[in-house]
Every structure is written in C-alpha cells, then in structure tokens.
Protein chains: 2
Amino acid sequence: MFKRVLIVEDMDDINKGVRTELEGLGINDIDQAQYCDDAFLKVRKAIKDKKPYELLISDLSFKKDNRTQKYSSGEALIEAIKNKQPEIKIIAYSIEDRFQRIRTLINKFGVNAYVCKGRRGLKDLTYAINEVYHNKQFLSPQIANALRKKTSFEIEEYHIELLKQLSNGLSQEEIRSYFNKNNIAPSSLSSIEKHLNKLKIQFKANNTTHLVAIVKDLGLI
Amino acid sequence: MFKRVLIVEDMDDINKGVRTELEGLGINDIDQAQYCDDAFLKVRKAIKDKKPYELLISDLSFKKDNRTQKYSSGEALIEAIKNKQPEIKIIAYSIEDRFQRIRTLINKFGVNAYVCKGRRGLKDLTYAINEVYHNKQFLSPQIANALRKKTSFEIEEYHIELLKQLSNGLSQEEIRSYFNKNNIAPSSLSSIEKHLNKLKIQFKANNTTHLVAIVKDLGLI
DNA sequence: CAAAACCTTACGGTTATCCTCAACTACCAT
DNA sequence: ATGGTAGTTGAGGATAACCGTAAGGTTTTG
C-alpha cells in the first residue's frame, strides 16, 4: 500500500475525515495542505529531501480568501505537480460534476482516479486508492456512465461566461460589447442569441430568467 | 461538556472529520446519520430510551438520492426535532451563506449556533460547542456582521410567490392568469409589472433575470 | 364626511428579446 | 475543385417587457 500521501483540501473537516480514513488503512505518513501553493511547496520539498509523495489526493475548487495564490484551482496545482513529478499518482476528490472539466482532467493531466464527494465519498475514495495502487483507473459511478456517452452537451467556458453575465444583469447588447472588449468569440448579438437559445433548449427553459434560475440551482454558476 | 451528541450530515468524509474532532474534545457518546429521516428516528428512540441527545449538529442541505425522505432539508428536520424535544441544543453546520435562511433558522427555530463550513469550519465548530454548552449563541464571523444589519423592506408572501413563478419560467402574462386562477391579488398585468419594478429597485437589479439571480443568492426563493 | 394617500387597473409608446431566413466563412471528406 | 457540414453574422418582423400617465377604487386620517 502507499506509504507517503499528500492531501490537499481547503475545508478542515473533510481534511480530518480523509486523514482519519487513511490512517484506518494503515497509511501513517500523511501530509495535508489547505492551500494549493502550500501543497506545491510541500511536493517540491519532498522531492528535494528524497522522500517524494507516492500519492496526491486533491480537491478541485478552493474558496478564495485574503491569501493570494499562484495556483487557485486543483487543475492548476495538478498540472504544476505533474510537471515536477510525472510519476506521482493522483486522485481528484471533488464535488465537481462538470463533465468537461473532469474529462480534461483525465485526458490532459492523466489523473488516475476521480472520486465524487457525497454520501459514500470516503468509501469510494478507499476503493479508488486500492485501484490506483494496483495501477488501475477509478471513476465514481455517477460520472463513469455520463463520461462514456458523448451525448452530454458540451458546456464550454463560453457558455458559463454567457450565463454568468446574464445573471449579473447584463443585457444581450451589453454582453456583446463586453465580449468584444474582452476578445471573447463569438461576440455578435446574433451568435449570443443563438447560443442562448441552445442553452435554453438544453436546460428546457422557457426564457432567459428561467434558464438562469435553473443553472444557478445546478450550481453551474 | 456535552456527553451525548447526534451528527447529521450526508457526506461521509465530513461526518468522519466532525466525529474525530468531537472525540478529541472528550465526547464519546456520538451518533451519526446521513439522512434526515434516520436522524429523526434516532432522536425519537433516544427519548424513548430515556437517553435523549443533548446536542444536535446538523447540516442544512442534503443531496437527494433514490431514498425518498419525509424531511428533505435541515430546516425541516430541525423543526420536527424542536417540536419533539424543545430543550435540545442545536448547532447548524453548513456551507449555506444565504442570510434570509439563516435568519429564519435562528429566529423561528431557535438554533443556538450557526457555523459556516470552510477552511476553519472545525475550529469554529469546536468553539461553538463550548459557547453553546455555556448557553451562549455563536455565529461564524462571516455571517455575524451581515446578520446584524436587517433588511427593512418587507417582503411579503405575494412577492415571494411572484419571484418563484418568475424563476419557474412564467411570463408576466402567464403569471397574471396564474394569479387569477389561484385568487392571488393583485393579478393585473399592470400591477405585476409595478410590484416587479419595486423589487428591482429594492434589490438594485437591472432586469428580471438579474433580480431572480439576486434573490436566489439571498435564499429568498 | 371628505381630503389625502395608496393601490389597482388600463392604455400607449418605447425598448429589448425572440424567431426565422439568408448570406458568408471555415473545415473536412470525397 | 466540389459539395457537405457547422458556426458566425446580419436583417426583418413578431412578441414580450419596460415605462410613464391617468382614471377609478380603497383605506387612512383629520
């Protein structure tokens, strides 16, 4: 079994829960970090001390606070660590349910497992650790299915941005000029309308207000 | 210090973290539940067995799954438990940051403490347990300030209903006919427009979409 | 009781959005 | 090159939302 593990997670309660669980598995050399930047420094130091981590368990989203961070998300951290120590095993452990992000996580960064937080998050995590230790991949069931079928509508950064600006009260015309100014393409009123329409169909929304209400409930924005 | 505590929290990792923390405080008689309905049954049984819980630590939001629940939120659970056992101490422990909901939680249900999950969630929780044990109230700092200044504007049932229907995707015309059918007055298009306008001014919203986004963030609907 | 204040309702003009059609571009495969 | 497909852009008319005004009603108040 793994001996040396780093847990990166901003919430201290989850951090403690995961640590306790790992200790129950007989893993005793555990380090923890609540900020991505701290985590990266620990990884670098561990390599320098010739005691590199074998496994990284990391959350994806981190609450921002007064400490400014170089790496503000799990993705950024994972990318940096993979560059520094390519052979390290990585388990993403997050509540994130945006397929697009998870897909890139696995394809681009070569993450070994993705575990959804939830009622049985710790159980899945335990299972994932075993699988990853035996060089297997693990995906929590609720996303494994969804990832297989490609039918899932690809919500891109563009759509998120569009929805965000709508929820900020901008009119379509204001969004057009905002996109223009920030070099976000496509920026024509017509295209914005069209993408908006796609989103409305996708989420079965009657109108823009309804759409924003729905995606807010889904936690997309 | 409290001896007998019930933790209600759907995510197993947090559940474990909180339990470990409480054990560190010397509390050993700890029960846990991942569903609100289970929690209520445990409370009832504890009373029957003449070993009632002294403290309830409960989350507010619970992921829905295949198990249908009578109590689907922390609020519903807390209300039911308070009716059953009025003297029990209650700490709400949640990521919830909607002031309106927290306000009703404290004023209506008499919750003893509200602790925000986060980087220092467990530390705040520990502190809250001590305060509550000494019959004091505790609110996590990030909400304590915000709660003090109260919103003067009287939001009535009518406005809530209006906002709800908007977030359900109804047009103003559809809302008019809905109000008509359900004997909600005033129901004319003109009045609906007017009240909507008031709300937009009150919440500094640019348009209806913006308004719904804002009140959803506030937890008003 | 009547003036004042407030609310509801109706109407018309303006603006924003919704919707369809059509032209244009980029990319891919035959 | 040719044709197919998909995405962007533009223009128009239809619909809904927005805004001010004014008439008629109810409640409050002197």
Side-chain angles (χ1 to χ4, degrees), chain A residues 99-100 103 149-216 220-221, chain B residues 152-216 220-221:
Chain A
F99 301 132
Q100 194 53 32
R103 210 190 301 271
K149 55 179 176 185
K150 290 186 174 179
T151 53
S152 74
F153 181 67
E154 303 265 324
I155 306 265
E156 299 155 25
E157 207 48 42
Y158 179 80
H159 297 114
I160 303 289
E161 188 63 31
L162 179 50
L163 290 166
K164 264 188 197 162
Q165 295 312 324
L166 285 171
S167 79
N168 284 340
L170 271 62
S171 70
Q172 294 180 10
E173 171 57 31
E174 287 168 326
I175 292 175
R176 185 197 59 70
S177 95
Y178 170 83
F179 277 7
N180 237 318
K181 200 179 289 176
N182 294 67
N183 291 323
I184 300 175
S187 66
S188 78
L189 206 96
S190 195
S191 284
I192 288 170
E193 274 184 11
K194 206 165 187 175
H195 282 282
L196 196 48
N197 212 32
K198 268 191 191 170
L199 286 167
K200 276 186 247 182
I201 292 168
Q202 172 63 21
F203 290 106
K204 303 194 204 324
N206 297 339
N207 51 47
T208 308
T209 303
H210 194 194
L211 176 65
V212 168
I214 290 170
V215 298
K216 276 194 93 72
L220 223 60
I221 54 174
Chain B
S152 52
F153 185 64
E154 290 281 317
I155 308 266
E156 300 156 28
E157 205 48 41
Y158 180 80
H159 298 114
I160 303 286
E161 188 61 33
L162 178 51
L163 291 166
K164 264 187 196 161
Q165 295 311 325
L166 284 170
S167 79
N168 284 339
L170 271 62
S171 70
Q172 294 180 10
E173 170 58 31
E174 287 167 325
I175 291 176
R176 186 196 58 73
S177 95
Y178 170 82
F179 278 6
N180 236 317
K181 199 180 292 175
N182 294 68
N183 291 323
I184 300 174
S187 66
S188 78
L189 207 98
S190 196
S191 285
I192 288 170
E193 274 183 15
K194 209 164 190 173
H195 281 282
L196 197 47
N197 213 33
K198 266 190 189 171
L199 286 167
K200 276 186 250 182
I201 292 167
Q202 173 63 23
F203 290 106
K204 302 193 204 333
N206 297 338
N207 52 48
T208 307
T209 303
H210 195 193
L211 176 65
V212 169
I214 290 170
V215 296
K216 277 192 93 72
L220 225 59
I221 54 173

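Each chain gets a letter, A, B and so on, in the order the sequences are listed, and its residues count up from 1.
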Let me check the geometry of the helix from C:dC1-D:dG30 to C:dC18-D:dG13. What is the bend angle between the axes at its two ends, five pairs each, to 10°?
10°
Separation of [X] atom [atom1] from [N] atom [atom2], in whole Å?
X: B:Q172; N: C:dC11; atom1: CD; atom2: C1'; value: 16 Å
X: A:E193; N: C:dA16; atom1: CD; atom2: C1'; value: 10 Å
X: A:I192; N: D:dG7; atom1: CD1; atom2: P; value: 17 Å
X: B:R176; N: D:dA16; atom1: CZ; atom2: P; value: 12 Å
X: A:L196; N: D:dT9; atom1: CG; atom2: C1'; value: 16 Å
X: A:I175; N: D:dT8; atom1: CD1; atom2: P; value: 16 Å
X: B:E174; N: D:dT15; atom1: CD; atom2: P; value: 15 Å
X: A:L189; N: D:dA11; atom1: CG; atom2: P; value: 11 Å

If you measure from [atom1] on [X] to [atom2] on [Y], what distance do you get to the nearest 0.5 Å?
X: A:E161; Y: A:H195; atom1: CD; atom2: NE2; value: 13.5 Å
X: B:E157; Y: B:L162; atom1: CD; atom2: CG; value: 12.0 Å
X: A:K164; Y: A:K216; atom1: NZ; atom2: NZ; value: 10.0 Å
X: B:Q172; Y: B:E174; atom1: CD; atom2: CD; value: 10.5 Å

First encountered from the 5' end of DNA chain C, between A:S190 and A:L170
A:L170
Of all residues at least two apart in sequence or in a different chain, which pass the side chain to side chain contact (heavy atoms under 4.5 Å, CB included) check with [X]?
X: A:N182; answer: A:Y178, A:I184
X: B:K194; answer: none
X: B:S187; answer: B:F179, B:N180

Sub-3.5 Å pairs of nitrogen or oxygen atoms, protein against nucleotides 5-8 of chain C:
from, atom 1, to, atom 2, distance (Å)
C:dT8, OP2, B:H195, NE2, 3.0

Under 4.0 Å, counting only non-hydrogen atoms across every strand here, what does A:S171 touch: a base, just sugar-phosphate, or nothing?
sugar-phosphate
Of the residues in residues 204-214 of chain B, which ones touch DNA chain C at a heavy-atom distance under 4.0 Å?
none
Check whether any side-chain N or O of A:N197 sits under 4.0 Å from OP1 or OP2 of C:dC19, and answer yes or no.
yes
Check salt bridge (charged side-chain N to carboxylate O under 4.0 Å, His left out) between A:E173 and all other residues, then give those that pass, not counting sequence neighbours.
A:R176
State, with a plain yes or no, whether a side-chain heavy atom of B:Y158 is found less than 4.5 Å away from one of B:L163.
no
Restricting to side chain to side chain donor-acceptor pair (under 3.5 Å), what partner residues turn up for A:S188, sequence neighbours left out?
A:S191
Can you list, pair by pair, the side-chain donor-acceptor contacts under 3.5 Å of residues 206-214 of chain A, counting residues two or more places apart and other chains?
from, atom 1, to, atom 2, distance (Å)
A:N206, ND2, B:G169, O, 3.3
A:N207, OD1, A:T209, N, 3.3
A:N207, OD1, A:H210, N, 2.9
A:N207, ND2, B:G169, O, 3.0
A:T209, OG1, B:T209, OG1, 3.1
A:H210, ND1, A:N206, N, 3.0
A:H210, NE2, B:N168, O, 3.2

